[in-house]
Amino acid sequence: MTAIVQIANVEKVYDGGFAALKGVTLDIEEGEILALLGPNGAGKTTLISTICGITLPSTGSIRVGGHDVVHDFRGARALVGLVPQEVTLEPFETVWSTVRFSRGLFGKAKDDALIEKILRQLSLWDKKDTAIRALSGGMKRRVMIAKALSHEPRVLFLDEPTAGVDVELRRDMWEIVAGLKADGVTIILTTHYIEEAEAIADRVGVINNGQLLLVEEKAALMTRMGQKHLRIDLQSRIGAVPDALAGFDLELADEGAALVYRYDTRAERTGIASLMTAMSAAGLVLRDLQTSQNSLEDIFVGLVHKTEDAA
Amino acid sequence: MNWQAVKSIYCFEMARFFRTLMQSFISPVISTSLYFVVFGAAIGSRIEQVEGVSYGAFIVPGLIMLSVITQSISNASFGIYFPKFIGTIYELLSAPINFLEIVMGYVGAAATKALFIGLVILGTAALFVDLSIQHPVAMLVFLVLTCLSFSLLGFIIGIWAGNFEQLQLVPLLVVTPLVFLGGSFYSISMLPEAWQTVALFNPVVYLISGFRWAFFGMADVPIGLSLMAIALFTGLCLGAIWWIFRTGWKIRT
Ligand SMILES: Nc1ncnc2c1ncn2[C@@H]1O[C@H](COP(=O)(O)OP(=O)(O)OP(=O)(O)O)[C@@H](O)[C@H]1O
Ligand SMILES: [Mg+2]
């Protein structure tokens with residue numbers, strides 16, 4: 001199956017000469033939820049803007065549903081819904097007319113029943129005749145989401161949908177996202193909350209400095225995260241891992257002053273007990289023990305720092 | 001063509017207008033009445049007739065043109081500048097529509113509003129003076145073309161403007177003087193000879209002259225020339241729009 005969004009070698013150089021995207025290649029599969037993580041200024045919004053037609057790519061190509069976003073923009077954009085990072089709405093319009101306008105703009109025939117359903121889902125129905133300027137910030141964000149859903153997109157971009165949002169809206173939002181996913185809608189979201197990415201994404205991508213550092217199945221990441229490290233400080237230094245311990249996943253650390261054992265907490269046996277037995281049999285005396293766990297955050301921070309050091 | 005989108009933009013813009021309908025209706029009525037009091041009564045009592053037409057009636061076409069031109073420009077420039085300013089333009093850029101559809105929606109709405117105001121002024125004027133329109137079809141054609149072409153110009157200004165000052169700049173520095181000096185309130189033939197020649201370089205003269213011809217059958221410049229002038233101006237604006245469309249100037253970075 002071909003990916004619903006195909007991004008190939010996309011670079012974006014802004015007018016001032018700043019390169020915000022430096023060759024991004026990414027395939028997004030139909031029906032998946034992809035979370036994009038990255039520090040401020042990484043290029044997340046730029047990537048989304050380039051896919052949605054708000055800016056043009058400097059080089060490279062992007063296809064949505066097989067339609068090139070530049071040459072066949074109608075075909076591509078008809079599939080895409082966007083909830084931008086910034087809330088921008090016409091202050092004097094009502095919720096109802098604003099959301100209805102969005103549907104018309106995408107060339108879809110009037111469907112008041114659908115718009116009612118969306119507004120109810122987002123707890124906006126009793127505000128439908130209220131002017132936007134009389135809404136709270138969180139409600140405005142809901143209106144932004146309603147606008148994007150009003151034209152039934154197949155691919156939905158949520159650019160930091162949960163920034164400055166209360167628990168309730170966040171819950172509503174994830175409920176809606178789950179519902180959309182069940183309908184086969186592809187969802188791409190950016191977030192600074194790693195737990196959020198962990199909780200709902202199928203895949204996670206990390207962007208920094210305009211480069212995609214990693215895209216991985218969340219399951220694979222979880223496995224990495226599920227791994228724990230047991231650090232064993234030794235009484236005296238050793239030159240190499242003794243042959244008797246070859247069966248264990250061990251690494252030498254601190255120039256032979258310590259051993260690091262990698263194990264899976266979710267496995268039936270961690271192997272720690274047999275490692276201890278084998279160690280004393282090999283005549284190694286231990287001084288201290290320490291365990292640690294990888295988190296998605298560690299991976300993220302580690303990746304970001306590594307590229308920053310290299311730059 | 002995404003007609004649904006054109007219709008949506010048009011209706012959305014018109015809804016804004018209808019919400020303030022009283023305002024849109026009352027202000028031209030009041031300003032027209034004031035013009036009649038000041039120009040018609042005060043000056044008219046001294047001039048009485050211009051080329052066989054009472055001065056009160058004589059200024060009606062110019063008065064309509066004056067309002068229609070300024071309204072077209074301000075409606076259309078504001079209509080597209082506002083989404084740019086508050087950021088809602090993201091939606092126009094991400095929708096499956098092209099620039100020409102955006103133009104049709106915004107310019108169509110701006111022109112409709114200006115046409116409405118022109119007709120309100122005409123109606124108000126009819127209460128003050130005897131008006132007989134000799135060429136009603138030509139009158140309407142001139143009116144509609146003026147609404148459309150100046151709305152196009154306004155749209156271009158709205159796209160170009162980077163701030164509110166620039167939005168006011170062209171109307172204030174270029175259009176208003178041209179319209180006032182374009183023979184709204186006098187016949188070009190009333191000017192000293194040298195100024196008559198200068199006036200012929202003012203495109204608005206041709207518009208007002210042609211429009212006045214439709215009312216009274218008399219004109220400062222031949223009617224064919226007026227028609228050519230408005231056609232040329234509309235053509236220029238369309239050309240500029242086409243160029244913006246091709247190059248994406250100031251719209252998409
Ligand atoms: N219109 C623009 N002109 C010039 N530079 C820009 C423009 N928009 C963004 N940039 C720059 O491009 C880089 C990437 O910005 P972008 O908004 O894509 O980051 P982001 O990953 O979305 O960050 P955040 O998490 O803060 O939203 C930044 O350095 C930013 O300053
Ligand atoms: Mg961003």
Side-chain angles (χ1 to χ4, degrees), chain A residues 12-16 20 45-46 48-58 64 67 69-70 72-94 96-98 100-110 131-132 144 147-148 150-151 153 157 159, chain B residues 1-24 75 78-106 108-109 113 158-159 162 244-253:
Chain A
K12 174 67 193 177
V13 180
Y14 278 114
D15 281 346
T45 301
T46 303
I48 290 177
S49 300
T50 327
I51 303 169
C52 296
I54 291 168
T55 59
L56 298 168
S58 306
V64 179
H67 308 278
V69 297
V70 178
D72 183 8
F73 67 90
R74 275 188 215 273
R77 290 186 210 156
L79 299 173
V80 172
L82 167 65
V83 180
Q85 187 170 359
E86 314 257 330
V87 175
T88 53
L89 293 162
E90 300 235 6
F92 301 105
E93 298 296 332
T94 64
W96 180 255
S97 68
T98 305
R100 231 164 150 231
F101 172 68
S102 298
R103 184 173 172 84
L105 205 54
F106 277 72
K108 294 277 166 75
K110 181 175 115 177
I132 301 287
M144 295 295 285
K147 276 162 78 76
S150 70
H151 47 84
F157 290 89
D159 199 351
Chain B
M1 264 292 168
N2 185 346
W3 289 110
Q4 188 76 37
V6 176
K7 193 180 126 200
S8 293
I9 296 174
Y10 182 85
C11 294
F12 196 72
E13 287 297 299
M14 288 311 287
R16 204 202 299 280
F17 178 66
F18 285 125
R19 255 203 315 273
T20 54
L21 190 63
M22 274 325 270
Q23 211 173 305
S24 321
N75 285 335
F78 191 74
I80 188 67
Y81 181 75
F82 192 57
K84 255 178 37 173
F85 179 68
I86 63 172
T88 49
I89 194 151
Y90 87 86
E91 202 171 23
L92 292 175
L93 296 179
S94 63
I97 52 176
N98 69 17
F99 183 62
L100 293 184
E101 287 150 0
I102 299 179
V103 170
M104 278 193 266
Y106 281 100
K113 294 177 208 174
I159 291 279
I244 294 175
F245 173 57
R246 297 307 306 169
T247 60
W249 180 70
K250 290 243 186 182
I251 299 174
R252 206 175 254 116
T253 51

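All chains are named by letter (A, B, ...) in the order of the sequence lines, taking the proteins before the strands, and each is independently numbered beginning at 1.
In this structure, no portion of Ile89(B) lies under 4.5 Å from any heavy atom of chain A. Within the 4.5 angstrom heavy-atom criterion, only backbone atoms of Lys108(A) (N, CA, C, O) approach chain B. Of the two parts of Leu56(A), the backbone and the side chain both hold a non-hydrogen atom closer than 4.5 Å to a non-hydrogen atom of chain B.
When the candidates Thr88(A), Leu79(A), Leu89(A) are compared by the number of heavy-atom contacts under 4.5 Å with chain B, Thr88(A) comes out ahead. Most heavy-atom pairs under 4.5 Å with chain B, from the set Glu93(A), Lys12(A), Glu86(A): that is Glu93(A). The choice from Leu93(B), Ile9(B), Val6(B) that makes the most heavy-atom pairs within less than 4.5 Å of chain A is Leu93(B). In terms of non-hydrogen atom pairs under 4.5 Å with chain B, the most contact-rich of Pro91(A), Ala148(A), Gly104(A), Gly81(A) is Gly104(A).
Side chain to side chain, Glu90(A) and Thr98(A) fail the donor-acceptor criterion of an N or O pair below 3.5 Å.
Formation of a donor-acceptor pair under 3.5 Å by the Glu101(B) side chain with backbone atoms of Asn2(B) is found in this model. Panel note: side chain Arg77(A), backbone Ala95(B); a donor-acceptor pair is recorded below 3.5 Å. Of the possible donor and acceptor atoms, one in the side chain of Ser58(A) sits under 3.5 Å from a partner among the backbone N and O of Val13(A).
Side chains of Ser94(B) and Phe157(A) form no contact here, defined as non-hydrogen atoms less than 4.5 Å apart.
Under a cut-off of 6.0 angstrom, the local environment of NZ in Lys7(B) is sparse, with at most 12 non-hydrogen atoms contributed by other residues, nucleotides or ligands.
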